[in-house]
Each structure stands twice: as C-alpha cells, then as structure tokens.
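Notes follow the structure.
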Number of protein chains: 2
Amino acid sequence: MENLPLQFESIFSVDCVIFGFDEGELRILLIERNEEPFKGWFALPGNLVDNTESIESAAERILYELTGLKGIFMEQFYTFGALGRHPLGRVITVAYYAMIRLNGQKDVKPVTDYARQAVWMPVKDMPELAFDHSRIFRKSFEKIKNKISYQPIAFELLPEKFTLTQLQNLYEVILDKKLDKRNFRKKMLAYDILKELDEKQKGVSYRAAKLYKFDKRKYAKHFNKELSFSKE
Amino acid sequence: MENLPLQFESIFSVDCVIFGFDEGELRILLIERNEEPFKGWFALPGNLVDNTESIESAAERILYELTGLKGIFMEQFYTFGALGRHPLGRVITVAYYAMIRLNGQKDVKPVTDYARQAVWMPVKDMPELAFDHSRIFRKSFEKIKNKISYQPIAFELLPEKFTLTQLQNLYEVILDKKLDKRNFRKKMLAYDILKELDEKQKGVSYRAAKLYKFDKRKYAKHFNKELSFSKE
DNA sequence: AATATAGGGTGTATTTTTTACACTAAGCAA
DNA sequence: TTGCTTAGTGTAAAAAATACACCCTATATT
C-alpha cells in the first residue's frame, strides 16, 4: 500500500453490543473508559483494528481485552463513519452485536487498563454513552427487535434449560409488549425447535414448570442456517 | 490523529451495487477497470474514501465519477474486510445498494479514466468480477430478495407509470419464481400504496393495461418510513 | 367485416395463520 | 386444609394466503 496519498489513510475500529438477560432484565455490556477522550464515561466495548487482523478477529480480541469474554460469535450490523463522530478525527467503526448466556452472573473485567471496569448495564438504566455509542446501541436494539419477530434467536440469552414462561418474559422485554400466553406457547412449539426435557424447574414456591432446551439441529433444519453465526 | 502507530492506519473504500430493470431484465451497473490490479475486468463501481468526506457522500461521489449518475440514494448493507480481499493489502469496503429507474436507457459513462466504460449488465449474464465483488454482489442480491418479500420496495426500478403486469414481472425476476396473477394483484392493491391512473398503456398490439403510479404518501403511512432512504 | 392473437382483468372456495379469550391443575407454604 | 402463585390447556372467529379458469378487449391480419 505504498505511495498512497495520506488522505486515504483512515482509522477504523469495532464496537460490540453484547446483550445479556439476567433477573428478568435485558442488559448490555459496557466499559468505563480509562482514557481520554470521554475518560470516565461509559462506552460500548470497542477499539482500533490492527490492519493485520480480520474485522471479526479484531472484534473478538477487543471484546476479550475489555471484558475478559472469549469465543463469542458476533454479527455485524452496521458501519458508522460520519465525520463528526470522533473528536480526534475521522474514525470508521464496524459495529457487531451478540446475545450471550448469562447464568446468574458472568463476571467481566478488563484485561487491559484501557477500561476501568466492565459492567452489565440494564437497558432501562442506560446512561448517555461516549462518542456516538448511544446511537449505535439504539440501532442494534432495533435490529434485534426486528429480527426476533421473524426468527427465534433469543435462546442465546437464556440458560441452557429454561421454561416457556422465561422465554416469554424475554420476548416481552425485548419487544416491550405483553404477549398472550397460550398463543405464545402454541407458536413457539409450532416452530419445532424446542426439546421438551424430563425435568422441572427447581426451588420455586409454586408449581414447577417444565424445562425446555433449544434444539440446534431442528433450528438448522427449519431456518436453513446455522445459528451462531455465519462468518463474513 | 497524530502519534498513532502505523498499523492502525487503514485504507477503505465503498462499492456500489446499483440495480436497474430494463426490457424485462434485472441489471446491475458495472465498470470495466482501466487500472491495475484487475485491469480490464468488470467490477462494481467503487473507490477509496477520502478521510474528509462521510461514507455516504463518498459513495455518491464515486458513483458519479465512475458512471455519471448523480443523486442516487443508496443503502448500506454490509462491510467487507477480510484480509485477502485486495491484492495490495488490507482494504475495508463499505457496500451500498440502490435501485434506480431505468426508462429505456439511462446512459452511463465514467467521468474519470479510472474506468474504461460503464455498462448495465444483465444479472443473468454476470461475469466473474474483480476482487471479491462477485461475493458482494451475491450478498446484495440476497438482501433485496429478502427485503422485497416483506416490503414493497421494487417500484424504484420501474418507470414512473407502470402496469401491474410489469410489476409482477419484476417480482418474478427478483424472486426467481412464478407468481399467481390474481393473488399478486389482490395483494399489491391491498397494500394500498398504488394510485390508479386514468390512463392506459400505449403502443401495444393487444388490449392496453391500466397504468399505476407508486404513491409515496400512502407508502409512508403504511410502512411508517420514508422510502428513499434514511440517512445514517 | 370477420377472425385471430395476445395479454388484461376478475371471484370464489379452501386452507392456514393469527388473534382473542378464561378456567382448572399442581406444588408449596402457612 | 386452605390459600397463594404460577403452570398448563382449547376453541371459536377473523384474517391472510393459496389454488384455480374463464371471458374481455384492443389491435393486427385476412
């Protein structure tokens, strides 16, 4: 790439929107920045991409460095490159999202000191974020909201074994509306991507619900693709 | 952006997939490259983005330079950044698509000599393209195929006044399957986004069909958005 | 004038999908 | 035993999607 006029050299980065679901709340993974600009602000995990790595692997690396999470498959959803989006100049960012299983608590902590801490922030308590990250988050949220209504992708967020009521709660939180119990169950079961287990919920002080598992094989059959997630 | 280690400086570009529809054929706009690498090959109109312009305006500028087309609204659909995709090194490309009206003929010709010519290539005759552009094209095509099945966006491709049969042909070409005439008409009219005109087709040697117009106001009402297209 | 040709235009019955809606059952706790 | 809380279930109605075939009309041809 010798001889290229300077004005064609740009900086680019990835940002990751990682969704989790815990205690009935949808959360996303934020870091608290430890560097200027926006030192002390919350931001999406993101950083510059090295030009010797693919964008996907950069996304994985950066997510790991900032939060300790490894091996998460992320899906690209949009690229942001407005001129004013970064105070230091033109930075283009490729944004990814993922949904991950967050049994009880998945602890997250930065392995570099670029971030002071990483937190699972409830979506409903989201503060204003650094750079244009609030906007990136909103766009990712629209995306999953839209996607979930025609493709059952939300299992990634639940524990491996879950009840239909838990699943419905998750849908209700994402779509931000009440759903009819009977219709919801009918439809989910009709997708034929759940495996009913011989096991019940434990530790509840009322009638225990049946547990289900998401069945990847059936999913692939019906939706004609792998779940997690096709590489570029 | 001073002091930044060199490995974070990247080159990036935009590529445009422009769909047209003419003589019953779906076409896309290609250029014949006049520079190495891939000199003499067909490619999507695309070029490097200057770091003083937004991605959208770069896309507009580049499309104009290579094809003479101006003021086309394009929608971003994916960003490609695999390591091996450009022989000279890492280039990240943000890909856009648009559908445009191609009455009879819209002539296209490069205004720079970076391209030797621009052509409307029938999709069914597509040659292997430069770089990974064949792949980019395939991805764009999946995208519009998918989108058209839940949102009537194809009007952009037709002349201002069109018959329902023309519209149906277009759908059949994009979806690559036959549709039932009565059901198609019923459904299109039920969308309530067409305005029936007091006018008929001319110059045909059989019973002339009624002409329709796409009605942006009604579209916006039903789909709750503008047609052409939201800015980043 | 008569006829041929080619696409224009229309309705109905059937199936499938979506929606609306309310009670009994089971398990635990007091 | 009773009370509480969530689990689990079916049906009727409406809406949407599908399958399917014939007559109409404008022009061209003889």
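Keep in mind that what you see is a predicted model, and the values were worked out from it rather than measured. Order of the sequence lines sets the chain letters (A, B, ...), proteins ahead of strands, with each chain counted from 1.
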What is the distance, rounded to the nearest whole Å, between atom CG of A:Leu167 and atom P of D:dA7? 13 Å

Gap between atoms CG and P, on A:Asp180 and D:dT11 respectively (whole Å): 16 Å

Examine the side chains of B:Gln151 and B:Tyr219 and answer whether a donor and an acceptor come within less than 3.5 Å of each other. yes

Are any of the side-chain heavy atoms of A:Lys124 and A:Glu25 separated by less than 4.5 Å? yes

Of all heavy-atom pairs linking B:Val17 and B:Ser140, the shortest is CG1-OG, 3.3 Å

Please tell me if A:Thr165 has a side-chain N or O lying less than 4.0 Å from either OP1 or OP2 of D:dT6. no

Sugar-phosphate atoms are those with a prime plus P, OP1 and OP2; base atoms are the rest. Using that split, label each nucleotide of nucleotides 22-30 of chain C B, S or - for protein heavy atoms under 4.0 Å, 5' to 3'. B--BBBSS-

Nearest whole angstrom, please: distance from the C1' of C:dG8 to the CD of B:Glu196. 13 Å

Centroid-centroid distance, B:Phe38 to B:Phe131, less than 6.0 Å: yes

Protein-nucleotide distance (B:Phe184, atom CZ; D:dA19, atom P), rounded to Å: 16 Å

When rounded to whole Å, the CZ to C1' distance for the pair B:Arg185 and D:dA16 reads 20 Å

Checking A:Asp15 against A:Thr93: is there a side-chain donor and acceptor pair closer than 3.5 Å? yes

Min side-chain heavy-atom separation B:Tyr212-B:Lys195 under 4.5 Å: no

Walk along nucleotides 13-19 of chain C from 5' to 3' and tag each nucleotide B, S or - by protein heavy-atom contact under 4.0 Å, base first, then sugar-phosphate. ------B

Take atom CG of B:Leu194 and atom P of C:dG9, then tell me their distance rounded to the nearest Å. 13 Å

Do you know which two heavy atoms are closest between B:Leu179 and B:Glu172, and how far apart they sit? N-OE2, 2.9 Å

Between C1' on D:dA16 and OH on B:Tyr191, what's the gap in Å once rounded to a whole number? 12 Å

Any heavy-atom pair between the side chains of B:Phe21 and B:Leu158 that's under 4.5 Å? yes

Just the rounded figure in Å: distance from C1' of C:dG11 to CG of B:Leu189. 14 Å

Kindly give the heavy-atom pair with the smallest separation between A:Leu170 and A:Ala154, and that separation in Å. CD2-O, 3.4 Å

